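Any value given below was found using the heavy atoms of this structure, including those in side chains, with hydrogens, waters and symmetry copies removed. Please read all numbers here as calculations on a predicted model, not as lab measurements. Whatever order the structure lists them in is the order used to number ligands and atoms, beginning at 1.
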Amino acid sequence: MSHPRLFAVIPAAGVGRRMGGECPKQYLSLAGAPLLHHAVLALLSFTPPRIERVAVALHLADERAGELPILEDPRVLRVSGGAERADSVLSGLHALQEFAQDEDWVLVHDAARPCLPQADLERLVARVLERGEGAILAQPVVDTLKQSDGAGRVLATVDRRQYWRAQTPQMFRLGELRGALEAALAAGEPVTDEASAMERAGFPVQLVEGSAANLKVTVPGDLPLAAFYLDARLQGQKRCE
Ligand SMILES: Nc1ccn([C@@H]2O[C@H](COP(=O)(O)OP(=O)(O)OP(=O)(O)O)[C@@H](O)[C@H]2O)c(=O)n1
Ligand SMILES: C[C@](O)(CO)[C@H](O)COP(=O)(O)O
């Protein structure tokens with residue numbers, strides 16, 4: 001069997017509205033480096049299989065992108081992001097077409113998730129390559145879930161055993177994902193993750209349990225927790241040196 005080829009896209013062109021502040025959150029520094037650096041490093045460090053190219057979707061006009069040495073890595077492709085996250089992902093997929101085939105696998109990972117543990121990434125890639133079906137990292141819901149009536153009161157309590165919180169990376173075949181995203185966007189459907197476009201197109205999506213460390217840095221309160229996880233990883237790496 002031919003060796004499966006693996007590529008990646010990192011959407012990193014957001015403005016970080018919910019974080020506030022002047023600087024888009026992907027350039028905020030935690031554990032000595034910007035969030036974007038940690039996210040790119042997690043993918044460049046992964047093997048086997050080695051990720052052959054990582055397309056990073058940026059606000060190319062943002063001079064801060066030029067200040068990240070990791071974006072000079074020969075495997076990194078800088079592409080211009082789009083108005084929405086899905087547009088940025090598509091921009092990355094189109095750039096990868098120069099290097100990848102439609103049947104190759106692609107991981108899409110948020111720059112806003114800097115703490116991705118290698119063990120989670122290994123688990124996701126192993127499951128996809130073992131079963132030949134796309135998958136996402138996700139966490140089962142552990143709190144009781146309430147449905148809102150839209151006016152600040154509980155409408156219903158739902159069975160939380162059926163609900164998971166999607167994370168990234170999300171891993172699919174490049175051509176299938178490109179087609180599903182293009183179809184969803186053409187239909188004007190809201191696409192907040194790659195899996196929703198694949199579900200809409202009728203593809204199966206496996207759920208692979210991820211860890212709480214793989215949080216999405218969204219609001220200011222997320223920063224100290226992300227710093228804790230990154231510091232813990234660095235301390236662990238020092239103990240192994
Ligand atoms: N047009 C966009 C919007 C978002 N993203 C990226 O998608 C990831 C997840 O999005 P989110 O957490 O929503 O980031 P922002 O859109 O920057 O945050 P906000 O919604 O608060 O503005 C981030 O890495 C962000 O940079 C992107 O590449 N292009
Ligand atoms: C892709 C994602 O991280 C999965 O939970 C999430 O949908 C991103 O949403 P955002 O509003 O773009 O942060």
Side-chain angles (χ1 to χ4, degrees), residues 8-30 33-43 54-62 64-65 68 70-71 76-96 106-116 120-121 124 134-141 145 163-172 177 180-181 184-185 189-200 205-223 225-226:
V9 175
I10 297 185
V15 296
R17 177 182 40 81
R18 289 168 285 181
M19 179 61 72
E22 289 303 307
C23 174
K25 61 188 178 186
Q26 57 269 34
Y27 299 112
L28 293 176
S29 191
L30 286 180
L35 270 63
L36 176 54
H37 169 90
H38 294 294
V40 175
L41 182 62
L43 296 184
V54 180
V56 183
L58 301 158
H59 263 305
L60 289 178
D62 192 327
R64 283 164 287 224
L68 263 70
I70 200 166
L71 297 181
V76 171
L77 304 172
R78 299 185 208 204
V79 301
S80 183
E84 301 296 332
R85 182 183 176 282
D87 302 305
S88 297
V89 172
L90 261 182
S91 178
L93 295 176
H94 289 147
L96 289 176
V106 61
L107 291 154
V108 181
H109 182 55
D110 293 332
R113 293 183 188 268
C115 311
L116 172 63
D120 289 19
L121 188 48
L124 175 71
I136 68 171
L137 286 177
Q139 276 211 299
V141 166
L145 277 185
Y163 291 89
W164 291 56
R165 296 166 60 214
Q167 299 176 330
T168 66
Q170 305 197 356
M171 183 172 167
F172 300 104
L177 176 57
L181 279 175
L185 292 176
E189 303 266 335
V191 178
T192 58
D193 74 343
E194 289 62 60
S196 52
M198 296 299 283
E199 295 152 34
R200 179 182 179 278
V205 177
Q206 300 177 83
L207 289 162
V208 176
E209 188 160 352
S211 55
N214 188 23
L215 76 153
K216 182 164 70 75
V217 175
T218 307
V219 294
D222 298 325
L223 290 168
L225 191 52

For V15, counting its heavy atoms only, list the atoms of ligand 1 lying under 4.0 Å from any of them.
17 (O), 22 (O)
What is the closest protein heavy atom to atom 8 (C) of ligand 1, and at what distance does it sit?
D110 OD1, 3.6 Å
Which one of Q167, Q170, M198 satisfies the side chain to side chain contact (heavy atoms under 4.5 Å, CB included) criterion with D193?
Q170
Which heavy atom of the protein is the closest neighbour of atom 12 (O) of ligand 2, given with residue, atom name and distance?
R85 CD, 3.5 Å
For atom 3 (O) of ligand 2, what's the nearest protein heavy atom and its distance?
D110 OD2, 2.6 Å
Please work out, at 4.0 Å between heavy atoms, whether the side chain, the backbone, both, or neither of K216 comes within that distance of ligand 2.
side chain
Closest by any non-hydrogen atom to atom 4 (C) of ligand 2: pick that one out of A195, A138, G14, A166.
A166
Show me which atoms of ligand 1 lie under 4.0 Å from any heavy atom of G16.
15 (P), 17 (O), 18 (O), 21 (O), 22 (O)
Kindly identify the option in A112, A111, G81, G82 whose heavy atom sits closest to atom 1 (N) of ligand 1.
G82
Protein contact of atom 8 (C) of ligand 2 - nearest heavy atom, named by residue and atom, plus distance
T192 O, 3.7 Å
If we number the atoms of ligand 1 from 1 as shown, the ones under 4.0 Å from a heavy atom of S88 are 1 (N), 2 (C), 27 (C), 28 (O), 29 (N)
If you scan protein heavy atoms around atom 4 (C) of ligand 1, the nearest is G14 CA, 3.6 Å
Would you indicate which of R18, H109, R85 comes nearest to atom 13 (O) of ligand 1 when only heavy atoms are counted?
R18
Tell me, please: is K25 in heavy-atom contact with ligand 1, that is, under 4.0 Å?
yes
Does R113, backbone or side chain, put an N or O under 3.5 Å from an N or O of ligand 2?
yes
Distance under 4.0 Å to a non-hydrogen atom of A83: what atoms of ligand 1 satisfy this?
1 (N)
Contact summary for R85 and T192, nearest pair of heavy atoms
NH1-O, 3.8 Å
Among all the protein's non-hydrogen atoms, which is closest to atom 23 (C) of ligand 1, and how far away is it?
P11 O, 3.7 Å
Considering residues, nucleotides and ligands other than E84, do more than 12 of their heavy atoms fall under 6.0 Å from its CD?
no
Answer yes or no for R18: is there a heavy-atom contact with ligand 2 below 4.0 Å?
yes
